[in-house]
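Single-structure report; data block below.
Every chain is numbered from 1, with letters handed out A, B, ... down the list of sequences.
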Amino acid sequence: MKPSIPKGTRDFSPTEVANRTYIMNTIKSAFETFGFQPIETPSFENSSTLMGKYGEEGDRLIFKILNSGDFLSKADENYLSDKDSLKVTSQISEKALRYDLTVPFARYVVQHQNEITFPFKRYQVQPVWRADRPQKGRFREFYQCDADVVGSKSLWQEVEFIKLYDTVFSKLGLLQTTIKINNRKILSGIAEVIGAQEKLIDFTVALDKLDKIGKEKVEAEMLAKGISEKAIEKVQPLFNFTGSNLEKLASLEQMLQTSKEGTKGVEELRFVINSIEELGLQSANLQVDVTLARGLNYYTGAIFEVEAPKGVKMGSIGGGGRYDDLTGIFGLKDVSGVGVSFGLDRIYLVLEELGLFKTVDLPKPKVLFVNFGENETLYAMKAIAKLRAENIKSELFPDNAKMKKQMNYANKREIPFVVIVGSREIENQEFTLKNMISGEQNNYNLEELIKELK
RNA sequence: GUGGUUGUAGCUCAGUUGGUUAGAGCGUCGGUUUGUGGUACCGAAAGUCGUGGGUUCGAGCCCCAUCUUCCACCCCA
């Protein structure tokens with residue numbers, strides 16, 4: 001049998017794990033600096049917790065777990081003979097793999113509401129699974145790094161999350177990322193102005209193509225989707241939406257003045273933009289983008305998305321937003337939440353493409369003891385125990401192999417020092433220490449050896 | 001879910017209009033060198049050509065199916 005792993009999954013080599021750990025630790029330490037605390041939730045949840053929370057498309061992408069035992073006997077004969085996959089699935093599968101970290105978190109908040117002090121700031125770094133078709137930067141098993149606050153409606157949280165994004169990407173050396181920001185209330189306002197709530201998605205999708213296909217074709221597409229000419233006329237400012245954030249806000253304000261909700265959205269966005277303007281960012285760019293319509297099903301206020309630096313072809317490396325009623329589905333009303341997610345695997349690919357990993361060192365021993373046989377090994381092991389007690393990473397070559405082979409091993413693993421102990425050294429109670437980079441070698445007693453390797 | 005793409009040794013890849021026993025480089029292992037690595041030279045092992053069918057006197061090469069890889073759409077991290 002040829003060994004293989006399921007599509008969309010990956011093995012990670014020691015180097016890759018070292019690099020991933022570096023990214024993860026950078027993100028976690030930033031989370032903690034901002035006052036977030038870690039929680040973890042199970043890798044699988046009850047299907048009822050997950051199903052219906054991500055829209056129809058999302059339900060299709062959730063990995064379902066087959067019930068144990070004789071599960072078919074409990075399935076309805078009619079559904080089986082009709083080959084009704086959807087209905088059969090709900091009868092033979094009660095559990096499903098986690099699809100994101102936000103919904104399990106909402107479940108957690110409701111379930112533990114009496115133990116939680118609000119506002120609750122939690123972070124979570126765990127894998128999630130999606131039955132998607134893999135492609136560039138898209139996997140079926142990948143890590144999300146989420147930070148959310150629940151129980152505060154303050155817009156300062158939005159400001160904090162933008163600062164958090166900026167902090168993390170600056171620390172990773174990933175400069176010139178673009179943090180796009182929008183507000184769901186502005187989208188609702190636009191829908192109100194064009195008089196077509198249900199056409200909103202078609203509208204933003206078409207508008208998003210503006211710089212690719214040009215104004216005429218975008219208008220043609222909108223007309224084709226059933227958006228009236230009059231409506232398009234009303235939102236003309238969006239077609240010349242190129243200025244600074246403040247200019248964009250001004251034209252949005254003008255355009256949405258008849259919509260109460262839209263005006264509220266502009267106000268919220270203006271607060272965030274002004275605050276960031278005042279506080280400054282280290283390396284990221286903040287950009288108002290009205291075509292940003294991600295996760296439209298549950299975001300109610302701010303919407304975020306982070307784009308990799310220009311020139312790197314990669315989908316978003318982070319996203320998030322404000323959801324006023326996520327815990328409502330689980331029976332806890334009026335708990336507003338806002339949060340962001342970092343896509344670990346995509347950040348990895350971007351850092352790799354830009355060659356930003358050179359600083360990450362593989363964990364490896366500092367010194368290798370050559371194995372010369374039984375007597376010498378015992379002498380070496382006693383020394384190794386002492387070195388390890390001094391926190392010096394040391395190991396013994398396990399077999400009495402040829403010198404050449406043992407030296408070669410040290411070379412391949414890039415172990416910087418080799419200790420040679422044969423009968424000569426034992427006689428003099430010393431150690432021959434060889435520097436594998438310079439080739440130099442000297443004899444030391446144990447005390448001196450520790451000093452040299454410290 | 002739709003469309004395209006890929007698969008030959010551990011890795012990267014050659015392989016002619018279908019024609020004897022499928023090759024190379026790197027890596028691995030052994031030797032030149034049984035107390036000294038990187039270099040050099042010599043040698044060896046390693047492939048049911050993704051899998052299953054089919055066409056043919058004959059298939060790595062042609063046809064069908066299936067799995068896999070990568071990519072685009074959709075959606076998303």
Is it the case that the ring center of [Y] lies less than 6.0 angstrom away from the ring center of [X]?
| X | Y | answer |
| --- | --- | --- |
| F304(A) | Y299(A) | no |
| Y99(A) | Y54(A) | yes |
| F31(A) | Y123(A) | yes |
| F342(A) | Y143(A) | no |

Determine the contact category for [X]: base if any of its heavy atoms lies under 4.0 Å from a base atom, sugar-phosphate if only primed atoms, P, OP1 or OP2 are that close, otherwise nothing.
| X | answer |
| --- | --- |
| E425(A) | base |
| G315(A) | nothing |
| S423(A) | base |
| G8(A) | sugar-phosphate |
| F139(A) | base |
| Q406(A) | nothing |

Could you tell me whether the side chain of R138(A) has a donor or acceptor atom within less than 3.5 Å of a complementary atom in the base of rC75(B)?
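Indeed there is one.
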Roughly how many Å is it from [atom1] in [X] to [atom2] in [N], rounded to a whole number?
| X | N | atom1 | atom2 | answer |
| --- | --- | --- | --- | --- |
| L61(A) | rC75(B) | CG | C1' | 7 Å |
| L292(A) | rC75(B) | CG | P | 13 Å |
| R133(A) | rC73(B) | CZ | P | 14 Å |
| Y54(A) | rG1(B) | OH | C1' | 20 Å |
| E141(A) | rA77(B) | CD | P | 17 Å |
| M407(A) | rG35(B) | CE | P | 13 Å |
| D11(A) | rC11(B) | CG | C1' | 15 Å |
| W129(A) | rA77(B) | CH2 | C1' | 15 Å |

Gap in Å between the two [atom1] atoms, one belonging to [N] and one to [M], rounded:
| N | M | atom1 | value |
| --- | --- | --- | --- |
| rG3(B) | rG60(B) | C1' | 28 Å |
| rG50(B) | rC67(B) | C1' | 8 Å |
| rG10(B) | rC76(B) | C1' | 35 Å |
| rU5(B) | rG27(B) | P | 36 Å |
| rG47(B) | rG7(B) | C1' | 14 Å |
| rG52(B) | rU16(B) | P | 23 Å |
| rC57(B) | rC70(B) | P | 40 Å |
| rA24(B) | rC71(B) | C1' | 30 Å |

F357(A) vs Y348(A) aromatic rings, parallel, tilted or perpendicular, using cut-offs 30° and 60°?
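Judged by the thresholds at 30° and 60°, the geometry between F357(A) and Y348(A) is tilted.
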Where does the angle between the aromatic ring planes of F397(A) and Y409(A) fall among parallel (under 30°), tilted (30 to 60°) and perpendicular (over 60°)?
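Taking Y409(A) first and then F397(A), their aromatic rings stand perpendicular (interplane angle over 60°).
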Given RNA chain B, 5'-ward residue of the pair G137(A) and V421(A), judged by closest heavy atom:
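Mapping each residue to its closest nucleotide by heavy atoms, the 5'-most match is V421(A).
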When the nearest nucleotide of RNA chain B is assigned to I317(A) and to K7(A) on a heavy-atom basis, which residue is associated with the more 5' position?
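Final value for this comparison: K7(A).
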Among R424(A), Q441(A), E425(A), which residue satisfies the side-chain hydrogen bond (donor to acceptor under 3.5 Å, both in side chains) criterion with T432(A)?
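Only one option passes, and that is E425(A).
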Ring-on-base stacking rA77(B) with F342(A) (under 5.5 Å, under 30°):
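F342(A) ring does not meet the centre or angle cut-off for rA77(B); no stack.
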Starting at the 5' end of nucleotides 29-34 of chain B, put B wherever the base has a protein heavy atom under 4.0 Å, S where only the sugar-phosphate does, and a dash everywhere else.
-SSB--
Side chains of Q176(A) and N285(A) only: does a donor on one sit below 3.5 Å from an acceptor on the other?
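N285(A) and Q176(A) do have a side-chain donor-acceptor pair below 3.5 Å.
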Regarding Q157(A) and S154(A), is there a side-chain donor-to-acceptor distance under 3.5 Å anywhere?
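Short answer, no.
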Please convert RNA chain B into dot-bracket. A pair counts if it is Watson-Crick or G-U wobble with both distances under 3.5 Å; crossing pairs go in [ ] and bases paired with another strand get |.
((((..(..((((.....[...)))).(((((.......))))).....(((((..]....))))))..))))....
Taking only the side-chain nitrogens and oxygens of Q135(A), find out if one of them lies under 4.0 Å from OP1 or OP2 of rA72(B).
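Checking Q135(A) against rA72(B): at least one side-chain N or O falls below 4.0 Å of OP1 or OP2.
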Let's see if you can work this out: which of rC76(B), rU36(B), rG37(B) has an atom nearest to the side-chain heavy atoms of M403(A)?
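The answer is rU36(B).
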Select one nucleotide: of rC71(B), rU36(B), rA77(B), the one nearest the side-chain heavy atoms of F142(A).
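Nearest nucleotide to the side chain: rA77(B).
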For the CD atom of E45(A) and the CZ atom of R98(A), what is their distance to the nearest 0.5 Å?
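It comes to 8.0 Å.
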To the nearest 0.5 Å, what is the distance between CD on E390(A) and CG on L449(A)?
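Nearest 0.5 Å value for the CD-CG distance: 11.0 Å.
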Charged N to carboxylate O below 4.0 Å: is that the case for R140(A) and D132(A)?
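Looking at D132(A) together with R140(A), the answer is no, because their closest N to O distance does not fall below 4.0 Å.
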